[in-house]
Each structure stands twice: as C-alpha cells, then as structure tokens.
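As structure tokens, the structure follows; a few thoughts come after it.
Per chain, numbering begins at 1; letters A, B, ... match sequence-line order.
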Amino acid sequence: MKIRVRFSKTGNMKYVGHLDTMRYFQKAVKRAGLDIAYTEGFSPHPVMSFALPLGVGVTSEGEYMDIKVNSSLSSAESVAALNRVMTEGFGVSDYVRLPDDSKTGMTLVFAADYTISVNEEGSFIPPKDIWEGIETKFWQDSETIEAVKKGKHGETLMDIKPLIYFIKSEYNSDNPVRSKLYMRLAAGSRNNLKPDLVIEEGLKFFGLAFDRCDFNIHRTELLNESLVPLKDLGEII
Amino acid sequence: MSKRALPDKILMQVDKSARYIGNELNSVIKDPSEVDVRFAICFPDVYEIGMSHLGIQILYDMFNRRDDVYCERVYSPWTDLDALMREKDIPLFALESQDEVRKFDFLGITLQYEMSYTNCLQILDLSKIPLLANERDESFPLVIGGGPCAYNPEPLAMFFDMFYIGEGEVVYDRLFDLYKEHKHKGYHKKEFLLDAANIPGIYVPELYSVNYNNNGTVNSFFPKHDGIPFKIRKQVLTDMNSASYPVKPVIPYIQAIQDRMTLEILRGCIRGCRFCQAGMIYRPLRERNPEILKEYAKEMFRSTGHEEISLSSLSSSDYTCLKEVVYFLIDEFQGKGVNISLPSLRIDNFSLDVMSKIQDIKKGSITFAPEAGTQRLRNVINKGLTEDDIIGGATECFKGGWSKIKLYFMLGLPTETEDDMKGIPILANELAKAYYDTVPKEERTGKCQITISTSFFVPKPFTPFQWAVMYKPEEYLRRAGIVNDTMKEQLNRKSMKYNWHEAYTSVLEGVLARGDRKVGQAILNAYKSGCMFDSWTDSFDFSKWEKAFSDAGLDMDFYTTREREEGEVFPWDFIDIGVTREFLLKEWHKAMKEEVTPNCRQKCSGCGAAVYKGGVCLEDKG
Ligand code: SF4
C-alpha cells in the first residue's frame with residue numbers, strides 16, 4: 001500500500017540536512033510502529049522516498065515522503081502515532097493513501113510555495129518601495145531576469161523569470177520587519193529554483209546586497225503540474 | 001522554539017551545524033531551576049565521535065535518573081566554530097539547555113585517548129574557565145576526569161580538580177550527595193575537595209605531593225594532609241545486572257561514527273594480552289545476564305527505531321551465553337530492518353554461521369588480530385592465537401564464500417626482531433595461498449584481498465609492558481618499511497594491501513601515556529601554541545609538541561626510549577587497580593622468556609583482581 005506523509009520541519013530542525021532527515025524518518029516510522037515494508041537484501045531499510053530536498057537553514061510545513069506499508073491504521077491514528085515519536089520541530093500533518101499506480105512525489109513535484117520573512121536576529125529593515133518593488137518592478141515588469149544559477153553542471157547564466165510563477169509582497173507599515181513575500185517557484189528534477197536566488201536577485205535589482213541570514217525562508221507546500229498540493233492526490237483512510 | 005546559544009549567522013556558516021543544536025531523540029530536558037546539581041558531561045572530541053561512546057550514554061542516563069541532577073552533554077566545537085566562538089567571544093554551552101558550561105556545578109570530561117588532552121584545554125578555554133585548577137574558585141564548575149586515561153592522571157593533574165578512578169556506576173551518587181550537603185551548608189571548594197578525597201576512587205591531585213630523584217624519576221608520592229588516603233582504589237561494578245542501562249540512548253541527527261544501538265554484554269577480559277591496558281584495568285571479567293540483555297535490546301529498539309545493533313565487549317567470544325543472545329537478536333530483528341554487527345568474534349563454526357546470516361559475504365570481510373607476525377612474538381605478548389588458528393579459520397571463511405580478510409598487527413613490540421616484522425607479510429601470503437588452494441578457479445570472483453594494518457605499539461600503564469622502551473619515529477617507519485618491502489617479495493603480493501599508522505602520533509601518545517606531572521606544562525605549552533584535535537592527522541603538528549616539551553625543559557626521550565628499571569616508582573603507582581604490580585612484573589619476566597600465561601577460565605593466575613569478589617574470579621574452574 002502506498003502512503004504519502006506530509007510533515008513539517010521547523011525551529012532549530014532547519015539545521016538538520018536532507019540525508020539526516022531521511023535517516024531520522026527511517027527510524028521514526030519504526031518507533032511509531034507502522035507496518036512498513038522493507039527493501040530486500042542484507043541491509044533492509046524502509047521503502048521510502050522524499051519529494052524534494054530542503055536546503056539547510058530552510059524551514060517547512062510542506063515536506064513529503066512516500067512510504068510503502070503492508071497494512072495501515074486510519075490516517076488520523078497514523079498521524080497521531082507518528083507525532084508521538086517526533087522530536088520538537090518535526091510534526092506530521094497528513095497521511096493519505098495513494099492509488100497503487102501513482103507516481104512518487106519526487107517525479108510529480110513541479111512547484112513549491114515559499115514564505116519569506118525577515119530574520120529578527122539580523123539588522124535588515126525592508127524599505128517599502130523595495131519590498132513591494134520585488135513583486136512589481138522586479139518580477140512583473142521585467143521581461144527577463146538574468147541570474148547565475150548553480151546547477152549540477154556548474155554555474156550557468158539563465159533567465160529565471162519563467163521559473164517564478166508568482167511573487168506576492170505584503171508590506172507591514174506598522175512593523176516593517178513583519179513584512180512578508182510569498183512566492184511560487186519551479187521545483188523538482190527538471191527545473192528547480194531556490195528562493196534564496198530570487199531574493200538575492202530582487203535586492204540586487206534595487207542595488208542592495210543580500211545576506212542570507214537576514215531572512216527566514218519557509219516552504220509551505222509542494223504542488224504537481226496541475227498545481228494541486230501533493231497531499232490531495234491521495235485519500236484519507 | 002527551544003533556546004539556541006548560537007545565532008543563525010554562525011550556524012549557517014559552520015559545517016554540520018546540527019552538531020550544536022541539541023534536541024536529539026531521547027535527550028533529556030529538565031528545568032535547571034529544579035535540580036541541585038548541574039553536571040556537564042564532556043567527550044573532548046568532535047560530536048559524531050563523542051556521540052558514539054557508550055560510557056557517556058551510560059553516565060548520562062544514570063545521572064539523569066536522579067531528580068536532583070541534570071546532566072547535559074558537551075563536545076568539542078570543530079575548528080570552524082572554535083575560531084568563530086573565540087572571535088565573537090561566545091562561551092561554550094551544553095547542548096540540552098544551551099546554557100554556558102561555566103554556570104554548571106561539575107564539568108566531567110572523559111579521557112578516552114591521550115591525543116585528546118589538548119581538547120580538554122580547549123573545552124575549559126572556550127567555557128571561559130581558567131585552565132589551571134588552582135586558579136579556579138567557587139564560581140567555577142568542579143572539573144573531574146574519568147575513563148581509561150585517568151589511570152595515569154598525572155599529566156593532566158594541574159588542570160583537573162578531581163579524577164575518578166573506576167567505573168562510573170559506582171560512586172557518583174556519593175559524590176553528588178556530598179556536594180549537595182556542602183552546597184546546603186555553604187560550599188567551599190577546598191573543604192569539599194578534602195571530603196571528596198575520602199570517597200573511594202576519587203583522586204584530588206592538589207592534595208598530593210610528588211618528589212623526584214635527580215634522574216627525573218619519581219622518588220615518592222604522598223598525601224599532603226592526614227586523613228587523605230595513600231592509595232586510590234579502582235571502583236568496580238561487581239554485579240553488572242544491578243546497574244542501570246541506557247535503554248533510551250540519545251540518537252543524533254547527524255550520523256555518528258558508530259551509528260547503532262549497543263548492547264554491552266560483558267566488561268573486562270580473561271585473556272591477559274600483555275600489551276593491552278583495557279584487559280588489565282577492567283579486570284575481572286563480568287558478564288550480564290542474557291535475559292536482561294534481551295529486554296534491553298527490545299527496549300532500545302522501541303525507543304530508537306535504529307537500523308543496527310551491535311554487541312560491545314573486549315572479546316565477545318568469551319561471553320558464555322553468546323549463542324543464546326545472538327540467535328535471539330537474529331530472530332527478533334531480522335525482518336524489522338535491523339542489521340546485527342558482531343565485532344571481536346573469534347572465527348569458529350558458530351561465528352561463521354552467524355555471519356553468513358547477517359552479512360553480505362561478497363562485500364563483507366573477516367577480521368583477525370594476530371598482533372604479531374611470528375609465534376615467538378605472539379607468545380611474548382601472550383596472544384593465544386596460533387598460526388593454525390589463523391590459517392584454519394581463514395580457510396573456513398574462504399570455504400564459506402568470503403574473500404576479504406583484514407589483519408591487524410603491532411610493530412615495535414618488546415623483543416621484536418626483523419624476522420617478526422617479516423613474519424607479517426609472510427603470514428598474509430600464507431592466507432592468500434590458502435585462498436587459492438581452497439577455492440577452485442571457477443568459484444573465484446577475482447583475487448582475494450588481504451589487508452594488513454599495523455599500528456605502533458605504545459606501552460601503557462598497568463600492563464606487563466609498562467616497563468618497555470619505545471623507539472624513535474624514524475625507527476618505527478624503518479620497521480614499517482621492512483614489512484612493506486617484504487610484502488613486495490611475496491608470491492601473492494597482488495592480493496595484499498598494507499596500511500601503517502602514523503609514527504609521530506604514536507610517540508607522543510607514548511609520552512603522554514606514561515607521563516608524570518611535569519608533562520602538564522608541555523601540554524599547556526602545546527595548547528597555547530595552537531595544538532588541538534591531535535588525533536586528527538590534518539591538525540596534528542609534531543613540531544609544535546617538540547617545542548612545547550623543550551620550552552617546558554623536558555625531553556620526550558625520557559618518557560619513551562629510556563630503559564626503566566624494575567624497581568622504578570611510576571607516576572601512576574598510587575592507583576590500585578586490584579591487579580598487583582608483582583603480577584605485572586611476573587608477566588613482564590615471562591614475556592622475556594616467551595612463556596604464555598593461561599586465561600582466567602583455564603587457570604587463575606592470582607593477578608589480584610579477585611579482591612573485587614566478582615565475575616570470573618568466582619567461577620568454578622573445573
Ligand atoms: S584473580 Fe584470577 S580469575 Fe580473577 S582476574 Fe585475576 S587471574 Fe583472572
């Protein structure tokens with residue numbers, strides 16, 4: 001039986017890297033007592049795949065892993081069983097059964113939603129015109145957005161505009177450090193755009209330097225090509 | 001969100017920042033304001049090494065079972081963070097509460113290997129605790145050392161307030177109770193230490209004086225005050241089944257070096273290899289009850305979901321209920337995604353059967369530790385493993401389908417001759433020959449692989465070889481060269497590989513292992529000149545250590561190449577490990593005569609450890 005689990009990774013857990021998160025969940029499903037299926041061979045491990053790695057330093061409430069189980073309790077019971085064994089910062093929100101012929105989250109993921117906020121540990125106070133300008137002048141009004149993108153084959157100069165599905169700015173005039181940027185970016189194995197690069201280019205557009213530590217980056221959802229959240233591709237049991 | 005000592009700016013910059021955030025599975029969270037004693041327990045090396053250590057998990061679990069104690073973990077910040085903490089003036093913190101170590105009542109540092117001594121100073125320094133014990137007043141934590149290197153604590157005497165000689169399970173409760181008592185009546189460090197010195201196993205260095213002879217050796221060692229014991233008696237857990245066990249071990253997010261659940265089946269060793277310190281200081285051998293171990297294993301799996309379980313002991317094959325426990329683990333865990341790893345097993349039908357069930361024969365390898373290349377030298381070191389055992393065992397492995405063998409040896413053992421050195425690759429060649437003789441061509445998947453590793457022998461306190469000389473680094477490398485050259489002359493050289501250990505590290509390890517109080521100054525000099533993480537090849541700088549010794553007016557050769565007389569007073573002689581000096585000396589003489597000593601189960605040799613009235617000493621030796 002194929003199961004998709006949606007989980008969050010917040011607080012200090014943003015410093016736990018992708019491979020370590022995988023190892024964490026390999027153990028967690030066993031502690032939770034899920035009737036998980038194992039791979040064959042001398043070092044069997046749970047059949048498990050993650051939709052999209054999350055960069056170190058990024059928090060999320062929209063992470064996905066697909067697992068295989070031999071039998072299952074209800075979605076609600078399974079979510080509760082998993083949450084009983086989570087450490088602080090990890091939490092499971094959804095547990096849905098997938099059709100047997102469904103593709104893995106990894107192959108389906110097409111876009112990711114992010115919320116960017118200002119890190120209060122830093123000293124950056126966003127100016128209104130720039131914060132709002134990232135949505136309008138930088139994204140909407142630009143024909144192309146040239147950026148140096150680091151990929152598997154080194155650095156390439158490319159137009160990232162088509163990879164930005166939207167940017168929405170929300171400026172808080174009473175408390176500028178409470179301002180937010182919402183963005184939906186290309187994600188997955190074909191095209192993947194990191195939110196850091198978008199903020200960096202956005203600030204550069206207005207002549208500002210980018211310091212990663214001035215921002216909190218938070219992923220909220222992963223979606224397929226029809227822009228449906230991955231969890232909605234399964235059914236609650 | 002829980003507290004964090006380091007800001008994002010730093011955590012985003014350093015490698016593996018998950019080392020520093022705490023909050024791991026099964027880590028203990030308490031309210032510090034509700035305890036009497038805050039104890040920071042430290043492994044002075046990088047997190048993923050320290051987190052692999054069973055001893056720390058045992059103490060952490062045991063201390064935290066007390067409601068009045070909160071024990072938290074501390075490890076050495078890696079060099080990248082170390083530099084940032086110094087630059088930005090951030091004090092070292094404990095992982096759980098992320099509070100400064102400086103605010104704790106105790107800082108306990110485990111001394112597992114000599115090459116971590118400068119890291120002890122790093123820990124103190126980053127914690128903003130004065131390095132010298134006599135510069136620390138009541139406002140600083142009491143610094144206590146334990147672990148195998150505490151059996152010669154003298155090189156570190158100036159930095160520590162106390163050492164604990166023995167197994168942690170035994171007297172810490174008394175220490176905590178005493179501390180609480182002093183805290184309630186008004187804590188004065190000096191008064192507390194005077195009382196603590198009377199707890200068995202506790203050594204307070206500043207309460208003792210050392211006099212030296214003109215030649216630099218120890219003349220006498222004595223307490224400065226009346227009522228302070230002359231000898232410190234090692235504390236031993238006589239009944240292994242009565243102690244607590246960390247069935248909910250802390251599981252790190254990042255991968256530890258030993259990433260597994262550990263089941264300690266026994267402590268001590270019956271074998272009496274003459275080079276082995278663990279084999280002497282942990283005497284007598286004591287076993288755990290198999291039923292209790294089975295419960296521990298189940299409980300650990302429930303609390304961790306781990307994918308590997310391993311047995312811990314100096315020699316698993318000497319555990320009387322080994323079969324029962326191993327077959328239980330296989331039944332219990334196969335199909336639950338748990339690998340079973342069985343280190344330190346002698347090769348016999350049982351172990352081969354088990355290994356064929358738990359490892360992929362094509363990839364797996366079988367390990368032998370003959371330690372010496374000829375039977376003569378194996379007799380000298382009392383390693384009861386004959387050439388027939390090794391070749392016979394290996395042949396069985398080859399028949400079973402294995403083709404990879406790892407061999408471990410030491411170079412520089414007492415009485416070692418060129419024949420002994422050459423004996424190493426010759427033995428390896430015999431094994432390769434046995435492979436080609438045993439496995440028909442059509443069944444071979446390629447060449448067999450015999451990997452030879454040699455380390456350089458370092459004499460340790462409380463072993464029969466504590467009288468042995470060491471050599472200069474060049475001499476060690478010459479010996480490794482002989483092994484290498486001889487290997488190249490072997491018929492089956494293409495099936496062999498040879499790795500040898502760093503010689504300069506071994507020499508320094510030897511100096512620190514048998515050092516006296518004077519060596520403390522050199523350690524301080526070395527640390528101040530930038531030495532740290534000396535067990536890491538990349539950061540080890542022997543030339544800094546040479547200068548540190550000469551600046552302290554000390555000669556390394558005094559501790560290494562000098563011949564020690566039989567009657568010499570050693571810096572560690574004030575410690576009583578049960579095993580007597582007479583026994584060790586007798587063993588030293590027997591070694592020179594190439595005579596072997598039977599193991600504890602064959603015949604008791606009256607080593608002295610029977611005073612603990614436990615374990616193998618009480619077994620019927622029918
Ligand atoms: S007293 Fe005898 S049985 Fe006990 S540890 Fe010593 S040699 Fe072994």
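- The candidate from A:Lys27, A:Lys30, A:Lys14 with the greatest count of non-hydrogen atom pairs under 4.5 Å with chain B is A:Lys27.
- Within the 4.5 angstrom heavy-atom criterion, only backbone atoms of A:Val85 (N, CA, C, O) approach chain B.
- Taking the charged nitrogens against the carboxylate oxygens, A:Arg184 and A:Glu221 have no contact shorter than 4.0 Å, which rules out a salt bridge.
- Of the residues considered (A:Pro44, A:Ala32, A:Gly17), A:Pro44 shows the highest number of contacts with chain B, using heavy-atom pairs under 4.5 Å.
- With hydrogens and angles ignored, the 3.5 Å screen pairs a side-chain donor or acceptor of B:Glu96 with a backbone N or O of B:Arg73.
- Geometric assessment of A:Arg31 against the ring of A:Tyr24 yields a positive cation-pi assignment under the 6.0 Å and 45° thresholds.
- Only the backbone of B:Glu24 comes within less than 4.5 Å of a heavy atom in chain A; its side chain stays farther off.
- Heavy-atom distances place both the backbone and the side chain of B:Asp8 under 4.5 Å from chain A.
- Counted by atom type alone, A:Ser72 and A:Tyr95 present one or more donor-acceptor pairs between their side chains at under 3.5 Å.
- Counting only distance, with no hydrogens or angles, the side chain of A:Lys2 and the backbone of A:Ser102 share a donor-acceptor pair below 3.5 Å.
- Neither the backbone nor the side chain of A:Phe25 comes within contact range of chain B, judged by heavy atoms closer than 4.5 Å.
- Across B:Gly22, B:Ala18, B:Ser27, the residue that shares the most heavy-atom pairs under 4.5 angstrom with chain A is B:Ala18.
- Taking the six-membered ring where tryptophan is involved, the planes of B:Tyr296 and B:Tyr245 are essentially parallel, since the angle between them stays under 30° and well short of 60°.
- There is no contact between B:Ile29 and chain A, counting heavy-atom distances below 4.5 Å.
- For B:Asp259, the part lying under 4.5 angstrom from a heavy atom of chain A is the side chain only.
- For the residue pair A:Asp35/A:Ser71, the side-chain donor-acceptor check at 3.5 Å is satisfied.
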